[in-house]
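Shown next, in structure tokens, is the structure this report addresses.
Predicted model only: the values in this text are computed from it and were never measured. Below, chains carry the letters A, B, ... as their sequence lines are ordered, and counting in each starts from 1.
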Amino acid sequence: MNLSKTYGSFTAVSNLNLKIEGSKCVGFLGPNGAGKTTTLKIFTDLIRASSGEALINGVNVHTHKKAALASVGTVIETPEIYPSLTPREALGMVAELRGVPHAERRKRIEEVVTEVAMQDWIDKRVGKFSKGMKQRIDVASALLSDPTILLLDEPTTGLDPRGMSEVRSIVKSLKNKDRLIFMSSHILSEVSEVCDEVAMIDHGKLLVYDTLQNVTAKFSGGANIVDVGLTRPLQAGVLDGSITKLSGVVSAEKLDDKRLRIWCSGGPDVQEKILAQLVGINIGVVSFQPTSSALEEVYLNLIKDTL
Amino acid sequence: MTESHTPGNKVPNSITQVGITMRYTFRDYLRSRRFAILLVIVLLVSAILTVVVAHYRPAGPLASVLSFYSTWWGSFATFLVALSGVFFGGDAISGEFQNKTGYFTITNPVRRSSVYIGKWISAFIASSIILFVFAAIAIANEAAYFPFSVPWQFVESFLFAWFYLIAVLGFTFFFSSLFKTTSYSILVSALLLLIAFAIIEGLVSDLAQIEPWFILSYGSQIVGNVLAVTPHLLASGQVTYVPTYPAHVVTTTSTFGPRAVKVTITTFNVTITEGLAIIAAYFGVTAILGLVLFERKEFN
């Protein structure tokens with residue numbers, strides 16, 4: 001509430017008011033230096049707010065840290081783990097600090113390590129791990145106490161494509177288990193895929209906080225965007241002569257000889273009709289994929305406005 | 001942020017969390033070979049002393065039990081304490097910032113003070129073990145030359161060294177909290193404890209003729225001073241060595257040159273009360289300041 005953080009004359013976070021509740025995944029978007037990590041660090045006692053309060057479940061993080069973070073799992077930046085410890089030991093320490101019952105610890109550690117696909121390395125010293133491997137253990141650490149709230153700062157950073165996919169699957173499965181996830185990310189497709197709501201921040205100020213659908217509807221001209229793949233090059237005149245005249249098509253552009261981008265005036269129902277029409281005009285449709293470009297358009301529109 | 005679930009785990013109290021941090025830090029000392037390296041140093045020094053004394057049979061150390069302990073223990077114990085303090089405390093806190101291990105630990109529901117105190121206790125235990133090993137070797141060597149005895153002055157000296165260790169760790173933890181880079185914190189601690197204090201003490205007392213009551217190493221002199229002896233010639237012609245704590249202020253006047261220029265030099269020897277007070281003050285101030293610094297320091 002009214003959260004601000006200044007470093008001398010530089011304002012990293014400016015009067016941020018953001019209330020998030022319920023079971024969902026909220027994407028926290030913004031350019032480099034916008035204040036995303038600063039905000040998350042304030043919520044995890046890594047730094048202190050210059051003014052305002054950071055509350056988790058109504059508890060002030062700075063005055064009652066233990067109570068505030070008891071049900072919170074976090075991955076902030078890329079935490080390093082003591083290199084001489086194994087994942088089992090490092091997670092054992094976290095489990096003890098968080099009060100995971102002794103009888104459940106071993107099983108719980110093995111579960112989360114398996115969840116991040118690091119079971120073959122559970123008894124090897126962390127000092128030998130790559131950055132991506134350590135990041136997986138960091139995610140495991142966040143999941144260890146089965147938290148109700150997760151604060152994730154670009155959790156797929158440093159991971160290979162398989163690792164990124166696995167983390168996204170974990171986040172999606174946690175949504176289904178009634179968890180609140182607050183996740184900062186640079187990868188718009190990731191946010192589109194995983195998040196229900198999005199909060200955008202720039203120069204320390206909150207620009208927008210709403211459902212993904214409302215944000216894209218409000219700031220990208222109300223259009224959804226699909227990319228269409230073709231088996232053969234599009235003939236001259238077909239784009240302007242036929243495709244842009246189809247019912248539900250707001251506009252279309254050629255990405256290359258065999259790919260189109262179509263702005264649709266509605267959601268899945270409209271897209272289904274457009275697909276049927278495209279097949280009907282026999283241009284060789286082989287793929288029809290909604291893109292995250294709507295969110296990208298929102299992002300670029302909003303960030304441009306604050307430059 | 002709000003969530004309707006209540007946490008299923010019960011976060012332990014801060015004292016328990018101090019114990020948890022202490023255990024894992026100690027494990028890190030053992031695994032990172034830090035403890036082993038210092039142990040090797042102690043064993044090496046002990047081996048050298050053993051060989052030298054056995055081979056050369058110096059008259060001074062072998063004159064009496066207290067002389068033996070004064071030479072063996074008194075001349076190296078304070079250096080060992082300072083070295084242990086730098087080894088185990090020099091980067092205890094700064095490492096959490098530089099190496100980013102603090103992002104793994106501090107983001108859990110644990111107070112920073114619990115982490116600080118847990119690491120401090122672990123450093124104290126590790127250093128104490130080193131000190132005990134050195135003391136045990138000293139006693140074993142004493143038994144080789146004299147009937148086995150552990151005079152109360154040696155016990156007192158050991159306790160003073162142990163107390164000095166507490167202050168040294170407070171001191172090194174303070175610098176570790178002050179700096180975010182391990183090289184700075186280790187270097188400053190080592191330079192001050194192992195070199196600078198001795199130089200300043202000498203300059204202040206010998207040149208300025210002022211008692212250096214504000215220097216920690218001056219306070220640590222009680223470790224060696226309690227083992228001091230004075231030879232006394234008995235009527236029978238036998239020499240005995242009487243435990244004699246050095247006088248607080250010793251003034252000597254010497255004459256130099258053909259004009260018989262008189263020079264008066266004052267030497268200061270810390271009293272036990274003074275020494276304990278200096279050590280306690282250093283611990284009190286540095287421990288509190290170090291903790292406050294760590295509580296307020298930001299992970300930027």
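Interface remark: S114(B) contributes no atoms to any contact with chain A (heavy atom separation under 4.5 Å). At a 4.5 Å heavy-atom cutoff, K134(A) makes no contact with chain B through either its backbone or its side chain.
Among R33(B), R23(B), R31(B), Q17(B), the residue with the largest count of heavy-atom pairs under 4.5 Å with chain A is R31(B). Between chain B and the options A142(A), G127(A), A90(A), A54(A), the largest number of non-hydrogen pairs under 4.5 Å is found for A90(A). Per-residue counts of heavy-atom pairs under 4.5 Å with chain B were compared for D138(A), T37(A), I81(A); the largest is that of I81(A). When the candidates T44(A), L97(A), L69(A) are compared by the number of heavy-atom contacts under 4.5 Å with chain B, L97(A) comes out ahead. The candidate from R98(A), E77(A), K41(A), K65(A) with the greatest count of non-hydrogen atom pairs under 4.5 Å with chain B is R98(A).
Between the side chains of S84(A) and D28(B), at least one donor N or O sits under 3.5 Å from an acceptor N or O. One side chain, E197(A) or Y209(A), offers a donor N or O that lies under 3.5 Å from an acceptor on the other. Between the side chains of T11(A) and K205(A), no donor-acceptor pair of N or O atoms lies under 3.5 Å.
Identified by a heavy-atom distance below 4.5 Å to chain A, contributing residues of residues 160-191 of chain B are lacking entirely. Contact residues of residues 88-109 of chain B toward chain A are E96(B), N99(B), K100(B), T101(B), G102(B), Y103(B), F104(B), T105(B), I106(B), T107(B), N108(B), P109(B) (heavy-atom distance under 4.5 Å).
Looking at K107(A) and E104(A), no side-chain N of the basic residue comes within less than 4.0 Å of a carboxylate O on the acidic one, giving no salt bridge. A salt bridge does not link E298(B) to R48(A): none of the charged nitrogens lies less than 4.0 Å from a carboxylate oxygen. A salt bridge links D45(A) to R112(B): one of the charged nitrogens lies within less than 4.0 Å of a carboxylate oxygen.
Separation of atoms NZ (K131(A)) and CD (E80(A)) is listed at 9.5 Å; rounding is to 0.5 Å.
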What verdict does the side chain to side chain contact (heavy atoms under 4.5 Å, CB included) test give for S217(B) and T78(B), after you've listed the backbone C-alpha separation in whole Å, the side-chain angles of each residue and the deciding distance to 0.1 Å? CA-CA 8 Å; S217(B) 56; T78(B) 52; over 6 Å; no

Derivation and outcome, side chain to side chain contact (heavy atoms under 4.5 Å, CB included), residues I41(B) and I130(B): CA-CA 10 Å; I41(B) 291 173; I130(B) 297 292; over 6 Å; no

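With ring centers used as reference points, W72(B) lies 6.0 Å or more from F76(B).
Checking V51(B), N141(B), I137(B) one by one against S46(B), the side-chain contact (heavy atoms from CB on, under 4.5 Å) holds for a single residue, I137(B).
Remark: side-chain polar atoms of T156(A) are not paired, donor with acceptor, to backbone N or O of L159(A) under 3.5 angstrom. Counting only distance, with no hydrogens or angles, the side chain of D202(A) and the backbone of A34(A) share no donor-acceptor pair below 3.5 Å.
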